[in-house]
Structure formats: structure tokens, C-alpha cells
Amino acid sequence: MITFKEKLRKKIASRLRSKGSFFLDDLELNYTPQMKMGDMALTFPFQIAKQTGRSPRDIAVEYLPLLKNIEGVDKIEVAGAGFINLHLNRKTFFEGRFTASRCRSYFAEENKIIIEHTNINPNKAAHIGHLRNACLGDTLSRCLKDKGENVEVQNYIDDTGVQVVDVVLGFKDLEKKDLSDIEKYSGRFDYYCWDLYVRVSSLLGANPHYQKRRSEILKKIEHNIDPEASMARLITMRNVKAHLNTMNRLDIHYDLLPFESSILGLKFWEKAFALLKKKKAIFFVEEGPHKGCWVMPFEEDKEKEKIIVRSDGTVTYVGKDIAYQLWKFGLLERDFNYSLFPGSDSLWVTSIHPGSSHPSFGKSDKVYNVIDTRQSYLQKIVVQGLKALGFFPQAEKSIHFSYEMVALSPKSLKEIGQKISGEKKEKTFHEVSGRKGLGIKADDLMDSLEEKALSEIEKRNPDLEPLQKKEIARKIACGALRYFMLKFARNSLIIFDFDEALSFEGETGPYLQYTMVRLKSIFRKWENQGGLSEPDILASADLKNIPWDSLTDKEKDDLWDLIFYAAQLEEEVLHSIRSLEFSHLAKFTFNLCQKLNAYYHLYPVITESEKNVRSVRLLALIHLKNVISRALNLMGIPHPDRM
RNA sequence: GCGCCUGUAGCUCAGGGGAUAGAGCGUCGGUCUCCGGAACCGAAAGCCGCAGGUUCGAAUCCUGCCAGGCGCACCA
């Protein structure tokens, strides 16, 4: 459609040139709000009217004759206050779908793009907030790849922060456990840490003197002193493995896990620090409350400054992030060492020790950081750091893909058995908090979804093999969750509600999957009755002369509505990428499925006796099935054969 | 206090200069000799937070106000 529209726009522009070209550069070609008005609308008469003061409708009437007999356009007319509406030739457009569908009409714009997403602290189980992050990041990755971009997905592991320290403290002081106990633990390790972390947090809250113990352990980990350092490593790895398993249930995968310990161990920060000092991007404070710190002045408010290096000489998170961001663009003049993640042949991790040969990482032209909106301020500082170093193009292409958090409704808290203290009872939602253990664990939610899906399958398809049922249930759970995370605009706070998330009806993932399943089953049934397979239907049909006119006028309208809408998929993908708003793609796919469900409710395919009519319908459904399948793949929503 | 975000149908949310503001859920009514009812069709339901302004045209852009949220750490 993108190519089609571009060609049409050029044809129209060349016709209009004789009357002057002041509006031709951005000639708008819009869609009409209703099919009966035609398919596309020109709005240039309004632009001319603005400049000349004449009536838009008069201008439209005057220009109309220039636009007669354009190839592919059946009818052209003036409508409303001054729109010029185009009615396309439906038959040739439909036929064009079968030759155009193979080639993409959009192309890569960058050599390489890095997406950083997921980034779960490796000290406890993943929760619903992490799921939103990962679903958004993974969908962005899928869409960019579809567009043709070379994408590298990174999941940053903060293995040296206080969060892991707290769990080490918990194992040592509260549980009196050592390294081998942690190794031996055979239950759900991430769940165990979840509870332990809550206990440590409340201990630290109630006994401030424990802070000393905490910094003791932090120092030991930083200086690689055992057993604390080994415990921290083991805790990190076991949690990372758990997170990868959780994300695997959603078909979310990564290319590289950069560890913060590598950034520190390989002295990335020292390199970045030297650069920042050299370019005078940061200043040493001699006087005042920030005495002894290295700070970066805040661009928008000169009075404020952000501390990058503390007075004790340690670097803050933002400092490390600036170093990491520089590395992503290949600007640090330094690289990690790499090794394969244990047990994987495609996932790499950074390492401080030299390893064997590895793919090239980093050195990208554009970076998307998928991080919730609460960190906007910090992301701004990182970008400002790049600017201060003179890396303006890279600053321009450092994109903070921000989104609102997932919070819990009082009702959902009650359902997971969480109690809220008195004063906060009035709030309409509650922020997820790892410290308080307030949150719905990702795997628990997935388990509930799978369980519900399984019982639905049991009702409809009791004779399927148990293993098959389980696999279908996994796919449905995955589809339900991914659609749920995508259907909201990113600035919309999701107040989590179990009934809503567990719904399989209406605007949900399973509705989309169900549409696909029914389409698949039409072709399965058709073949079982002795009909041709999909490839054979396409091979044997005369795609340059489809018997479109054998349809009734009503059906032509109904089918055209579907085909013309489906043709807008790539535009929706581009729109979604540009606005980082994948709810567009989600709604589009949902609307398309709705139109399709309505269509085949009215027009049977395999029971249709008129051969030409049946042939048009078969071809149309093959095409639409391909479009929907592509849309679902872009959102990472699997489509089983049955459900 | 300063900055960012959000106020649209009973509820959850789309639409972010263009033609009569849309979905899902819920409510009410229908489709069940149907290629899968996880479906389809229909109805009721809206001062698009309030007040100004810009425009041929505003839910959409600008200004002010009201209400809510999130940031503004030598945490990450």
C-alpha cells in the first residue's frame, strides 16, 4: 500500500503541476471515513483556499477535470466542503495484492539498531511491570526487523547493585545459608529470593544499624572477596536463568546480556570519565553541599546539577549508563569480552575475561532504551552527556522508549492476599514494590492464563492429546498476555485487574487467535473434501483475471472493505514504529479480525456452489490469512492450528 | 515550588487539525438445520474536565484554571 499510494500520489501531482506546484510537496492523500465516499481523499483544495481566500468547494470543482482517467482509479468526485474523493478499481487492486504481497514496501534506514529492554534486577522473580517492558521492547524489535532493520536486542543485568547485596545479606544473616546451600536449592529460586528480599527490606527498615552490614557485603562483592562475591554471582545467574525462562514462555529472546560487573571490571567508566573530563562536560565541586563530587550541570535548569561521581569517588548509576550508552554507539574505544550463556548457542553474555571468537556487538547507529517513564529525568541526563561530549547525531538517535507503569487495583491486591496499611486504603491503585513484595509475579500470571486456557480447550477439543492441549494453552496464554500489554497506549497507566487480563473474549489476544484458527480450519476442511491446497489454489488461479464481477454488489462492498483495510498493515507498522505506539498495530489487527469474522459469517466458502464466487472467496481468504498471520507475528502472538 | 504525563459512554480505553467522536466490557434484545458461539447482528448510553483563543474546520493546537498521577537523591 505504501508503494501503491506513493505511485498514485506522483500521478496526481504530475496532473496538478500545470496549475502551479506550491502544494505538491506535501500532497495529502487520506483515507475517507466511510466506504461510500470512496477510498481516498485529496484535501489540497483546503490548502489553496487558505492562501487565496476562495471557497474550497469551488477550487475542488475547478481542479476535478485534471484528474480524470487516472490508471487504477474508477471514479473521482467532489465531496463535502471541498474534498476530492477517489474510488479505486477494486478488481485490479485485489489482483495487485498477489503480486505485491511478496515484497515489502519499506526499507531499513539504519545500519544497525540496538534495543535495550527487560533489564530486571537479578535478585527476585519477574513481575507484571517487567512483562509490559519486555512485550513492548520485543514488539518494537519484531517490527523493526520486519521493516528490514538490523536489530540487536540487549538485556542489561545490574549484578553489582545493592539489590543483589540485600539478597546475599538475607541468605547469610537471616537464613544462615552458604554457597552450597544456594546451589542445592531445587525449588523456584526466583520466588524464594522474592520473599527473602522482602524480609531483608523490612529488616533494614526496622534496624538502621544493618546498613553497615550491607555496605560491608557490597565492598566484599566489589573486591571479589569470597564467599560473598561467589554467592552474588550464583544468585545473579540463577535469577537471570529464571527470567529467561519466564520470557521464553512469551517467545521473547535476546542477543546479548551486558553485565554491569563487566562495565566496571573492564574500566568502561574510567574511559568515559576521562572523556567527560577532557571535554569539560563535568565539573569538580569545590564548595557547597556537593563538595567533592563530579557533577554535570542540568541543561534546562542551570541552578541544578546531577552528581555523576560521589564524594567518596564511586560512580552513580547515571555515570555507568553514560559509559554503556557510549559503548552502544561504538564511541568508547573499548569493547567487552564475550562468552556464550551457559547452555545456549545463540545468547551471549559480556565477560571481563578474554573469550573465543564472537559476533560483533554494539557499534550501532540508533539506540532504543525501553524504560518506564519514571526514569525520564535520568535518560535525559544520559543524552545530555552525549551532547556534552559533542556526539550530537548519537544524542539525537538515543531514544527513550518510555511507558507508564503497571499498578495494582485494590481488588487485585486482595486477590493475591496482600494487605494494605490503613492510610493507603483510599488509593485507587498501588505501585508494584519489590521491597514490600507487592506485585504479581510474571510466572504466576502466566500459570493462571495457561490454566484457564487449558480448561477452555478441554471444553471444545477434549480429544486432543494432552501434550498438544498443553502447548495450545501456552500459546493462548502468550497471545492473551501480549495483546493485553499492547492494547493500551504507552502513556496509559495500567491498573491491573485479573478479570480483564484473563479475559479471552472481545478485544483480546485469543479473539485474534480464534480468527486465525477458523481461517486455517476452513482450508483444512476444504482440502479434506478433496479441494486444492493453498499453494495449489494460488498456482492454478488466473491471478491477473480474478472473477471479481461474479460477486453480488453487496459482497463486493463487504469484501472490498476488508481487502482495502488489510492493505494498510505496513502503514500501521511504520506508524507504530514512528510513534512507538504499538496499540495502533494491536487495534488495527483487532479491527481487521472483526471485519473478517463478520465477512465469513455472511459468505460461506466451501459450501458455496458457484465456482467463480467460491474461487474469489478462497483467494481473498488466503490473502487475508497471510496478512493477519504477519500482523500476529509482529506482535509475537502465536497462532495454533486448533484451540 | 519546578518539570513531564493524564482527564472522552456506567467501567476499561482508542482517536492527537478534516466529513455523522469509536471499540471492548457491562446492560437490553436477537442469531443456534452455522466453514468452530473464544463468534455474529441490533439497541440504549457522550456539554470529549472547565473557560477563553487560533482556524474555513478543534476531542485534537495555544493560554488560563480545576482534578489526578509521576519525577525533581552523593538509590537504581
Side-chain angles (χ1 to χ4, degrees), chain A residues 28 30 32-34 37 41 43 46 49-50 53-57 79-83 85 119 121 158 161-163 260 285 289-295 298 300-301 303-304 306-318 320-321 372-378 380 402 404-405 407 427-429 431 453 456-457 459-461 476 480 487-489 491-495 497 499-500 503-515 517-519 521-526 529 579 581 583-584 586-587 590-591 594 597-608 617 621 642-643:
Chain A
E28 269 188 53
N30 296 332
T32 58
Q34 276 176 47
M37 297 173 177
T43 53
F46 292 96
K50 192 173 238 164
R54 295 171 53 206
S55 133
R57 192 161 174 109
F83 295 96
N85 290 349
N119 299 12
N121 262 311
D158 179 7
V162 287
Q163 306 222 24
E260 187 164 277
V285 180
H290 293 163
K291 189 181 170 193
C293 297
W294 286 87
V295 301
F298 195 47
E300 288 166 20
D301 185 353
E303 299 298 304
K304 282 188 182 170
K306 176 69 198 170
I307 291 164
I308 306 295
V309 181
R310 303 180 188 107
S311 55
D312 66 358
T314 56
V315 58
T316 61
Y317 157 79
V318 193
K320 284 178 272 191
D321 219 26
D372 82 66
T373 182
R374 287 170 296 184
Q375 295 199 39
S376 297
Y377 169 71
L378 293 163
K380 242 182 192 166
S402 74
E404 259 295 352
M405 59 181 171
K427 292 185 84 170
T428 54
F429 67 88
E431 200 173 327
E456 297 294 323
I457 297 161
K459 279 186 225 159
R460 287 157 242 247
N461 285 299
I476 291 172
K487 74 193 263 195
F488 299 95
N491 270 334
S492 175
L493 174 76
I494 299 179
I495 299 174
D497 178 84
D499 291 339
E500 213 186 326
S503 165
F504 292 168
E505 284 165 21
E507 197 197 333
T508 65
Y511 174 89
L512 310 188
Q513 294 172 312
Y514 180 68
T515 309
V517 163
R518 286 175 78 180
L519 279 171
S521 105
I522 290 172
F523 289 100
R524 191 169 50 234
K525 203 156 188 172
W526 174 241
Q529 289 181 6
S579 55
E581 204 57 272
S583 55
H584 292 315
K587 301 272 175 195
F590 171 66
N591 288 335
Q594 259 189 332
N597 277 319
Y599 174 79
Y600 68 31
H601 193 79
L602 287 175
Y603 304 102
V605 178
I606 61 183
T607 55
E608 173 60 47
R617 290 179 189 166
L621 290 194
R642 296 164 193 278
M643 63 190 273

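Below, read A as the first sequence line, B as the second, and so on, with proteins coming before strands; counting in each chain starts at 1.
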Inset, instruction - Measure from the side chain of A/Ile476, starting at C-beta and using heavy atoms only, and say which of B/A38, B/C40, B/G71 lies closest. - result: B/A38

Legend entry - Base of B/A39 paired with side chain of A/Arg518 (donor-acceptor, under 3.5 Å): no

Inset, instruction - For A/Val318, answer base if it contacts any base atom (sugar-phosphate contacts may also be present), sugar-phosphate if it contacts only those atoms, and nothing otherwise; contact means non-hydrogen atoms under 4.0 Å. - result: nothing

Inset, instruction - Search all heavy atoms of A/His290 against all heavy atoms of A/Val285 and return the closest pair with its distance. - result: O-CB, 3.3 Å

Legend entry - Phosphate OP1/OP2 of B/C72 contacted by A/Arg374 side-chain N/O (<4.0 Å): no

Inset, instruction - Measure from the ring centre of A/Phe46 to the centre of the six-membered ring in the base of B/G18, then say whether that distance is under 5.5 Å and the planes meet at under 30°. - result: no

Inset, instruction - Please tell me which of the listed nucleotides, B/A19, B/U20, B/C35, lies nearest to the side chain of A/Ile606? - result: B/C35

Inset, instruction - Find which nucleotide of RNA chain B each of A/Thr43 and A/Tyr317 is nearest to by heavy atoms, and output the residue with the more 5' nucleotide. - result: A/Thr43

Inset, instruction - Look at the side chain of A/Tyr600 and decide which nucleotide, out of B/A76, B/C40, B/C35, has an atom nearest to it. - result: B/C35

Inset, instruction - Check every strand shown and say whether A/Asp499 touches a base, only sugar-phosphate, or nothing at a heavy-atom separation below 4.0 Å. - result: nothing

Inset, instruction - Encode nucleotides 24-31 of chain B as B, S and - characters from 5' to 3', where the letter depends on protein heavy atoms closer than 4.0 Å: B to the base, S only to sugar-phosphate, - to neither. - result: SS------

Inset, instruction - Consider the side chain of A/Ile522, meaning its heavy atoms from C-beta on, and name the nucleotide among B/C40, B/C35, B/U12 that approaches it most closely. - result: B/C35

Inset, instruction - Give one of base, sugar-phosphate or nothing for A/Tyr603, where a contact means two heavy atoms less than 4.0 Å apart. - result: base

Legend entry - Rounded distance in Å between the P positions of B/C70 and B/G29: 42 Å

Inset, instruction - Quick one: the dot-bracket string of RNA chain B, using Watson-Crick and G-U wobble pairs with both distances under 3.5 Å, [ ] for crossing pairs and | for bases paired to another strand. - result: (((((((..((((....[...)))).(((((.......))))).....(((((..]....))))))))))))....

Inset, instruction - Give, for atom CD of A/Gln529 and atom CD1 of A/Ile606, the distance between the pair rounded to the nearest 0.5 Å. - result: 4.5 Å

Inset, instruction - Give A/Tyr377 one of three labels, base, sugar-phosphate or nothing, depending on what nucleic acid heavy atoms sit under 4.0 Å from its own. - result: sugar-phosphate

Inset, instruction - Could you list the residues that satisfy side-chain contact (heavy atoms from CB on, under 4.5 Å) with A/Glu507, not counting sequence neighbours? - result: A/Tyr483, A/Lys487, A/Lys587, A/Phe590

Inset, instruction - Only counting residues at least two apart or in another chain, list the ones meeting side-chain contact (heavy atoms from CB on, under 4.5 Å) with A/Ser55. - result: A/Arg57, A/Asp58

Inset, instruction - With sequence neighbours excluded, tell me which residues meet ring-ring contact (aromatic ring centres under 6.0 Å, His included) with A/His584. - result: A/His575

Inset, instruction - Looking at every strand, decide which applies to A/Phe429 at a 4.0 Å heavy-atom threshold: base, sugar-phosphate, or nothing. - result: sugar-phosphate

Inset, instruction - Please tell me which of A/Thr32 and A/Asn121 maps to the more 5' nucleotide of RNA chain B, matching each residue to the nucleotide holding its nearest heavy atom. - result: A/Thr32

Inset, instruction - Could you check which of B/A38, B/C35, B/A76 has an atom nearest any side-chain atom of A/Phe504? - result: B/A38

Inset, instruction - Quick one: list whatever passes side-chain hydrogen bond (donor to acceptor under 3.5 Å, both in side chains) with A/Arg54, sequence neighbours left out. - result: A/Glu62

Legend entry - Nearest-nucleotide pick for A/Met643, side chain only, options being B/A76, B/A38, B/A19: B/A38

Inset, instruction - List for me each residue that meets side-chain hydrogen bond (donor to acceptor under 3.5 Å, both in side chains) alongside A/Glu581, sequence neighbours excluded, and say none if there are none. - result: none

Legend entry - Nucleotide nearest A/Lys306 when distance is taken to its side chain, options B/A73, B/U12, B/A19: B/A73

Inset, instruction - Output all residues satisfying side-chain hydrogen bond (donor to acceptor under 3.5 Å, both in side chains) with A/Tyr600, sequence neighbours left out; order by chain, then residue number. - result: A/Arg518, A/Asn597

Legend entry - With A/Tyr317 via ring-ring contact (aromatic ring centres under 6.0 Å, His included) - residues at least two apart: none

Inset, instruction - Name the nucleic acid region contacted by A/Ala489, choosing base, sugar-phosphate or nothing; use a 4.0 angstrom heavy-atom cut-off, strictly under. - result: sugar-phosphate

Inset, instruction - Report the residues that fulfil side-chain hydrogen bond (donor to acceptor under 3.5 Å, both in side chains) with A/Arg524, sequence neighbours left out, ordered by chain and then residue number. - result: none

Inset, instruction - Can you sort out the partners of A/Arg617 under side-chain contact (heavy atoms from CB on, under 4.5 Å), two or more places apart, ordered by chain and number? - result: A/Glu555, A/Tyr599, A/Tyr603, A/Pro604, A/Val605, A/Glu608, A/Val613

Inset, instruction - Could you tell me whether A/Asp372 and A/Arg374 make a salt bridge, using a distance below 4.0 angstrom between a side-chain N and a carboxylate O? - result: yes

Legend entry - Footprint string (nucleotides 4-9 of chain B, 5' to 3'): B base within contact, S backbone only, - free, heavy atoms under 4.0 Å: -SS---

Legend entry - Nearest listed nucleotide, side chain of A/Tyr511, among B/C35, B/A39, B/G36: B/A39

Legend entry - Distance test, side-chain N/O of A/Ser521 to OP1/OP2 of B/G36, below 4.0 Å: yes

Legend entry - Phosphate contact (B/A19 OP1 or OP2) by A/Arg57 side-chain N/O below 4.0 Å: no

